[in-house]
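Quick notes on the structure that follows.
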Amino acid sequence: MLSKIILVISFVLLLLCSAFYFITDSSYQDSFEARFYYFIGNYTQAYKYAKKAYAENSYNKMAFTVLVQSKIAKEYVDYIETGNRYFEKIDKISSKKEYKNDDKARIKLMCEIMLGDYKKLSSTKLTNKDLIDGAKKLNDKFEQLYKELFG
């Protein structure tokens, strides 16, 4: 009976010590902050805090996971933002009365860049599904535009 009580007390003390360590260690504090920013969709801040936490403690698995995931998410966000900027430029070009060969070449280049960059994107099970879907829809639009104009 006494051994069971000692075992339970030892287990509780171990949990308390672990909790104290995670609360007071600056690397894990940065990891928790990075995780918070990742879940609210601020991938740049998440990457910044995760990088800081991982540099401080390379055994911090949470920091490494958030670092990798926020880097992937940032690539998706950059792809979507670039695609939207390119579509704005294409809209300006298409609103002209006359198309020049330079305009066609510009549109073709934008489409090829976006189609090539989409192939470079990689995701994991933790990657935000909205980002994956947004990038896929954008890629489909560029693919369709490329087929209509140059295919």
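Predicted model only: the values in this text are computed from it and were never measured. Counting from 1, the numbers follow the sequence of the chain as shown.
Heavy atoms from other residues, nucleotides or ligands lying under 6.0 Å from CG of Asn101 number 12 at most. The environment of Phe87 atom CZ is dense: over 12 non-hydrogen atoms of other residues, nucleotides or ligands sit within 6.0 angstrom.
Note that the CD1 atom of Ile90 and the CD atom of Glu88 stand 10.5 Å from one another [nearest 0.5 Å]. To the nearest 0.5 Å, the span separating CE on Met110 from OG1 on Thr82 amounts to 12.0 Å. We find the CG-OH distance between Leu109 and Tyr86 to be 7.0 Å, quoted to the nearest 0.5 Å. Between Lys48 atom NZ and Ser70 atom OG the span is 12.5 Å, to the nearest 0.5 Å.
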- Could you walk me through whether Asp102 and Arg106 pass the salt bridge (charged side-chain N to carboxylate O under 4.0 Å, His left out) test, one step at a time? CA-CA 6 Å; Asp102 292 346; Arg106 224 177 258 115; 5.1 Å; no

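When atom types are taken as modelled, the side chain of Asn84 and the backbone of Ile80 share a donor-acceptor pair closer than 3.5 angstrom.
Residues Ala63 and Ala53 come closest through the heavy atom pair CB-CB, 3.7 Å. The minimum heavy-atom distance between Glu56 and Ser27, with the atom names listed, is OE2-N, 3.4 Å. Nearest approach of Cys111 to Tyr146, heavy atoms of both residues: CB-CD1, 3.6 Å. Shown here for Leu138 and Gly83, the closest heavy-atom pair between the two residues is CD2-CA, 3.6 Å. For the pair Lys104 and Phe150, the tightest heavy-atom approach, listed with the atom from each and the gap, is O-CZ, 3.4 Å.
Contact annotation: the side chain of Tyr79 never approaches that of Leu131 to less than 4.5 Å [non-hydrogen atoms, C-beta and beyond]. A heavy-atom distance below 4.5 Å is not found between the side chains of Ser95 and Asp91. Residues Val68 and Tyr54 form no side-chain contact, since every pair of their non-hydrogen atoms from C-beta on lies 4.5 Å or further apart.
A donor-acceptor pair shorter than 3.5 Å cannot be found between the side chains of Tyr76 and Asn128. For the residue pair Gln144/Glu148, the side-chain donor-acceptor check at 3.5 Å is satisfied.
Contacts classified as salt bridge (Lys or Arg N to Asp or Glu O under 4.0 Å) and involving residues 64-81 (residues at least two apart or in different chains) are not found.
Listed by chain and number, the hydrophobic cluster partners of Tyr49 are Phe36, Tyr37, Ile40, where partners are ILVMFWY side chains within reach of under 4.5 Å, directly or through others.
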Output side-chain donor-acceptor pairs under 3.5 Å for residues 114-127, partner residues at least two apart or in another chain, one line each.
| from | atom 1 | to | atom 2 | distance (Å) |
| --- | --- | --- | --- | --- |
| Thr124 | OG1 | Gln69 | OE1 | 2.8 |
| Thr124 | OG1 | Gln69 | NE2 | 3.0 |
| Thr124 | OG1 | Leu126 | N | 3.3 |
| Thr124 | OG1 | Thr127 | OG1 | 3.3 |
| Thr127 | OG1 | Thr124 | N | 2.9 |
| Thr127 | OG1 | Thr124 | O | 3.4 |

